[in-house]
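Notes follow once the structure below has been shown.
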Amino acid sequence: MSTFDESEAFEAAVPLSRRAMAGRPAPYLDGLNPAQREAVEALEGPVLMLAGAGTGKTKALTTRIAHLLNTGAARPNEILSVTFTNKAAREMKERVAGLLGESVEGMPWLGTFHAICVKLLRRHAELVDLKSNFTILDTDDQIRLLKQLIIAANIDEKRWPPRLLANVIDNWKNRAWLPENVPAAEAGAFDHKGVALYAEYQQRLRTLNAVDFGDLLLHVVTIFQRNDDVLQQYRRWFRFILVDEYQDTNVAQYLWLRLLAGGHQNICCVGDDDQSIYGWRGAEVGNILRFEKDFPGAKVIRLEQNYRSTAHILAAASGVIASNKGRLGKTLWTEAEGGEKVRLIGHWDGEEEARWIGEELEAMGHGTRGLPPMSLNDCAILVRASHQMRAFEDRFLTIGLPYRVVGGPRFYERLEIRDAMAYFRLAVSPDDDLAFERIVNTPKRGLGDKAQQKIQVAARANGVNLVDGARVLLAAKGLTGKGATALAQLVAGIDRWHVAARNPEQSHIELAEQILEESGYTEHWQNDKTPEAPGRLENLKELVKALENFDNLQGFLEHVALIMDNETEDAEAKVTLMTLHAAKGLEFPAVFLPGWEDGLFPSQRAMDETGLKGLEEERRLAYVGITRAEALCTISFAANRRIYGQWQSALPSRFIDELPEEHVDVLTPPGLYGGGYGAAAQPARSDLHEKASRADVYNSPGWKRMQARGETRGISQPRESRNVVIDLEAVSSFGEGDRVFHKKFGYGAVVGVEGDKLEIAFDKAGVKKIVAHFVVPAASADDVPF
DNA sequence: GGATAAATGGTTTTT
DNA sequence: CCATTTATCC
């Protein structure tokens, strides 16, 4: 489904007289530094703005737009301005409006690559054999489609999972390769069947009148390449092009931009090669590195004055990133003086790390380290991988520290929302076969694989959509009993909803409620006893509420992206927990960077898969992390960490060695005080400094010693060995009458033994047969602390 | 077809 | 360890 903003009509040009605006005063220029000003005023020709972290990149970009408009060089509809996220696009719109007052209306061509491509593609769909009302499939639809193809091709979907094929195809699309253009070197992909499946997939999409995210770019590039008249039209139309986050563009986006800028070359790209962290998703740092070759005579402007961070933070970040090769090179500087050094601290294990950060956060409210008191809203914890968040959530829940998680599953990706949306899609367009497949047996209607196959056959034989296929099947009495009744009811429902959806008198909100009610979908979750069910019902209500902002279902479906932006701004101050990737572009007064251990960060997998390239991207991630901090940056690592239930020890991240010592304040691990709860709770500040001054604490010998100590003290042993003992006893010693504990069913008594299977009467969950090793003697379970 | 037990596998994420 | 998928039994 479409997940972004298609609101402004193509023709929504704002009729503004160029001359009327020319010669207006430009007060907005006053607040710029010389480099920013140069970037704003160099309106003609190619410009590359190399904007380091916190150097006022968005300010320069938006001022440039304002300047284009204010001088009369361009009208709002003549500026093509692309971003990667809806959030960035929205922010730019707001800031341009702010600069120019209320006098300029929205810019129709300021948006994400994808949103802009949707508009273009709707206009020229027929040039790539599509109808202009094509559907946009999201990853989930895409994978289900690929799964069908894989099964049809008789490929073992265990060994060759659809998700992998989706990745392969996405990668090819990111490189702008059509099936016939995939290079021979890639022929081995997906068991040598990748290219053929890709071709088949594209064909299938065409039949469905659908596109995936990659197609949006790819189709438009194809249209431009094959229809020069169309390309020329847009070259005339978009007289000025601006690109944000240029380091994140992939090949398809790069081609798209080059085609459009090919005539006038009025293209201004803003980016920071040091913040390229999406290589694994197809982004090519090379695009920014070779800008000057692509656009000869390009003006390269460096924004290097940083307005965000203290000198220490900046120096630490620069020290780390300096190890990367092939940079365009920038030297960030700041007028700010003083400030706290970057703090570095090691911990025994991940739990202690979480405990320590929790205590620091609590202390933050009273003002620490010469800094004014901070609100939790000013603090963020940035992790490499989302699973690292759990330790913090656990800890914060027990001490009652409010936190918010950014990222996580998006609203519109949730199961219940996608189901509900599928119903809405069918109401709007009964041709939407993928939506039909999704909901035909959700809630359960007794229409299993066999029944669904019959529907497919009937539809294909008659060349109609699945809803009509179902109709034919029913008329031919090809289905009997309960299934037939249920299917007839569903088809009748879809017909009814479709009529209602086309009736302008019908309230779409009531219709949505009616659909969820009549389809039995609401009831399905009401009857569900799993703990998630109430939340899902809540989400469905939220979904219906979101409809209020739209005129009809159709409009809503095209705007789904807007729902995902419902970041509820609540009054309570909370610390933010997110991944480093999600943090790009944000800033916080205080930032914690936990988990700096080799293998975790830099991630082992990144290094295994792409070697040095991967390591450098990880290093850029470290750079992004440090530069998010304004006043206080705290890096930490743990010597031991429980990963997948196993205790593992790790060495501090190699990035830690790259931090320039003179900008780092090494805090002694609380464990060295004798450990224990609360050792860090009342840390005497002077004491910390005293220990910190022992230089060897942070150089490798120091860490080695600390680790050695960790081993002799056996920090991780008690828990580990206890678990092993439990398991061994569990297998051998059960008999009738024993009290046992199962992690899912709780306590119970053994009532029978058959080999390694036990029959257990659980206190709460009834009688079950369980393999012995899933169960633990109740007495041992009681022993486990906490 | 559906509930439930067992096995599996496990970065980063936008559109 | 834990969430999700797969296999099995009714």
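Scope of the values below: all heavy atoms of this structure, side chains included, with no hydrogens, waters or symmetry mates. Residue numbers begin at 1 in each chain, while the letters A, B, ... track the order of the sequences.
Ring-base stacking between W280(A) and dT12(B) is satisfied, the centre separation being under 5.5 Å and the plane angle under 30°. Applying the 5.5 angstrom centroid cut-off and the 30 degree plane-angle cut-off, the aromatic ring of Y644(A) is not stacked upon the base of dG9(B).
Residue R384(A) contributes atom CZ, which lies 14 Å from atom C1' of dG10(B) at whole-angstrom precision. One interatomic measurement links the two molecules: CE of M389(A) to P of dT12(B), which rounds to 9 Å at whole-angstrom precision. What separates CG of N527(A) from C1' of dG2(B) is a distance of 15 Å, to the nearest Å. Between the C1' atom of dT15(B) and the CG atom of D138(A) lies a distance of 10 Å, rounded to the nearest Å. Per the geometry, CD belonging to Q452(A) stands 11 Å off P belonging to dG2(B), to the nearest Å. Taking atom CH2 on W596(A) and atom C1' on dT12(B), their separation rounds to 16 Å, with Å as the unit. Rounded to whole angstrom, the span from the CD atom of E617(A) across to the P atom of dT13(B) amounts to 13 Å. We find that CG of L593(A) is positioned 17 Å from P of dT12(B), with the value rounded to whole Å.
Toward the 5′ end of DNA chain B lies the nearest nucleotide of K450(A), the other residue of the pair L580(A) and K450(A) mapping further downstream.
If you take atom P in dT12(B) and the same atom in dT5(C), they sit 16 Å apart, rounded to whole Å. Nucleotides dC2(C) and dT13(B), compared at atom C1', are 22 Å apart to the nearest Å.
One finds no side-chain N or O of T579(A) lying less than 4.0 angstrom from the OP1 or OP2 phosphate oxygen of dT11(B).
In this structure, of dG2(B), dA3(C), dT13(B), it is dG2(B) that holds the atom nearest to the side chain of K444(A). When distances are taken from the side chain of A385(A) to each of dT13(B), dT15(B), dT11(B), the shortest belongs to dT11(B). When distances run from any side-chain atom of T85(A) to the nucleotides dT11(B), dT15(B), dT12(B), the shortest one goes to dT15(B). Checked against dT12(B), dC1(C), dG2(B), the side chain of N441(A) finds its nearest nucleotide in dG2(B). The side chain of F213(A) has dT15(B) as its nearest neighbour among dC1(C), dT15(B), dT11(B). You'll find that the side chain of H387(A) is closest to dT11(B), out of dC1(C), dT11(B), dT15(B). Relative to the side chain of R605(A), the nucleotides dT11(B), dT15(B), dC1(C) differ in distance, and dT11(B) lies closest.
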Can you check ring-ring contact (aromatic ring centres under 6.0 Å, His included) on Y278(A) and W280(A), steps first, answer last? CA-CA 5 Å; Y278(A) 284 106; W280(A) 51 274; 5.8 Å; yes

Can Q148(A) and E437(A) be said to form a side-chain hydrogen bond (donor to acceptor under 3.5 Å, both in side chains), step by step? CA-CA 12 Å; Q148(A) 292 175 7; E437(A) 279 173 34; 2.6 Å; yes

Using side-chain hydrogen bond (donor to acceptor under 3.5 Å, both in side chains), reason through D170(A) and Q142(A) one step at a time and then give a plain yes or no. CA-CA 10 Å; D170(A) 277 347; Q142(A) 188 189 6; 3.2 Å; yes

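By the 4.5 Å heavy-atom criterion applied to side chains, E617(A) and T610(A) are not counted as neighbours.
Counting any heavy atom pair closer than 4.0 Å across all strands shown, T139(A) reaches a base atom. Residue contacts for Q142(A): at a heavy-atom cut-off of 4.0 Å it reaches no nucleic acid atom on any strand shown.
Taking the six-membered ring where tryptophan is involved, the planes of H524(A) and Y521(A) are tilted, since the angle between them lies from 30° to 60°.
Of the listed residues (D140(A), D141(A), D138(A)), just one forms a salt bridge (charged side-chain N to carboxylate O under 4.0 Å, His left out) with R438(A), and that residue is D140(A).
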